[in-house]
Amino acid sequence: MGLFPLILLSVSLSLDCFTVCLIFGMQRSAWKTSLKEGEKDPFPSLGRGATQAAVVFAFFHILMIVIGWLIGWSMLPVVEQYDHWVAFALLTAIGLKTIIDGFSKKDNALKVHAMFHAKSLLLSALAVSVDAFAVGVSFKMLAMPLTTVCLIVGVTVFLLSFAGVFAGYFLHKQVRKISMPTLNLVSGLVLIGIGIRILVTSLSV
């Protein structure tokens with residue numbers, strides 16, 4: 001496989017990351033918009049938050065590729081039997097929690113999605129990176145250099161995730177009337193939708 005097909009594959013792997021980070025960025029903007037005058041913003045800056053999310057998503061994709069590369073072809077049927085169910089369960093759980101938190105009467109700070117909370121960010125990254133395991137196995141069979149695959153995929157995931165946060169942030173600025181509960185409802189449904197797409201796609205193959 002040449003460099004261009006590898007880049008296209010990397011972009012394909014990054015699309016779910018971009019979508020999730022788009023949600024993160026919109027929620028970050030919604031939270032900042034809801035701050036009262038003089039109220040301190042407890043969350044990291046947009047650039048720092050985007051960098052954190054991009055690093056975590058890129059790291060998990062590289063990790064899955066390396067694991068797939070090391071374990072090899074023999075474990076692929078076992079992993080493929082369950083990986084889509086894991087992704088579906090994680091994204092559905094995070095999506096439902098996002099929706100519930102959005103309509104709860106707790107502090108608004110708790111309604112902001114997990115980009116700013118390590119546990120859910122890690123679970124989101126794990127859920128959207130499971131496909132990278134098969135990529136690692138496949139490229140080992142094709143004798144592609146591991147460092148090249150990890151570099152291209154890692155950089156692509158990082159860039160699209162980083163861009164997704166900023167795109168979501170500035171997109172929400174154009175539609176400020178979207179309330180936090182409504183945004184969390186949409187965000188939760190999108191996350192669940194990604195999980196369903198992964199599940200249906202895998203089961204139909």
Q.
Taking Arg48's backbone N and O only, do any of them form a donor-acceptor pair with Ser45's side chain (distance below 3.5 Å, no angle check)?
A. yes

Q.
Check whether Ser129 reaches the backbone of Leu126 with its side chain - one donor and one acceptor, N or O, closer than 3.5 Å.
A. yes

Q. Residues two or more places apart in sequence or in another chain: which of them pass side-chain contact (heavy atoms from CB on, under 4.5 Å) with Leu189?
A.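 Leu189: side-chain contact (heavy atoms from CB on, under 4.5 Å) contacts with Ile99, Leu185.
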
Q) Taking only residues two or more places apart in sequence, or in another chain, which ones meet Ile62 in a side-chain contact (heavy atoms from CB on, under 4.5 Å)? A) Val66, Cys150

Considering all heavy atoms, the nearest [X]-[Y] contact:
{"X": "Met64", "Y": "Ala132", "result": "CB-CB, 3.7 Å"}
{"X": "Ile152", "Y": "Thr156", "result": "O-OG1, 2.7 Å"}
{"X": "Ala58", "Y": "Gly154", "result": "CB-O, 3.5 Å"}
{"X": "Met26", "Y": "His172", "result": "O-CG, 3.7 Å"}

Q) Quick check: are there more than 12 heavy atoms from other residues, nucleotides or ligands sitting under 6.0 Å from CZ of Phe59? A)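 Counting other residues, nucleotides and ligands, CZ of Phe59 stays at 12 neighbours or fewer.
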
Side-chain donor-acceptor contacts of residues 5-15 below 3.5 Å, not counting sequence neighbours, with atom names and distances?
{"from": "Ser10", "atom 1": "OG", "to": "Leu6", "atom 2": "O", "distance (Å)": "2.8"}
{"from": "Ser14", "atom 1": "OG", "to": "Ser10", "atom 2": "O", "distance (Å)": "2.7"}
{"from": "Ser14", "atom 1": "OG", "to": "Val157", "atom 2": "N", "distance (Å)": "3.4"}

Q. Any idea how Phe166 and Phe162 line up, ring-wise: parallel (<30°), tilted (30 to 60°), or perpendicular (>60°)?
A. tilted

Distance in Å, [X] [atom1] paired with [Y] [atom2], rounded so as to fall on 0.5 Å steps:
{"X": "Ile23", "Y": "Phe18", "atom1": "CD1", "atom2": "CZ", "value": "11.0 Å"}
{"X": "Trp85", "Y": "Thr92", "atom1": "CH2", "atom2": "OG1", "value": "10.0 Å"}
{"X": "Phe24", "Y": "Ser29", "atom1": "CZ", "atom2": "OG", "value": "15.5 Å"}
{"X": "Leu46", "Y": "Thr51", "atom1": "CG", "atom2": "OG1", "value": "9.0 Å"}

Q.
Are Val165 and Tyr169 packed together at the side-chain level, in the sense that at least one heavy-atom pair is separated by less than 4.5 angstrom?
A.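 Val165 does not reach Tyr169 side chain to side chain.
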
Q) Looking at side-chain heavy atoms only, is the closest gap between Cys21 and Phe57 below 4.5 Å? A)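 Yes, side chains in contact.
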
Q: Evaluate the criterion side-chain contact (heavy atoms from CB on, under 4.5 Å) for residue pair Asp16 and Arg197; output intermediate values, then yes/no.
A: CA-CA 10 Å; Asp16 285 340; Arg197 182 194 63 75; 2.4 Å; yes

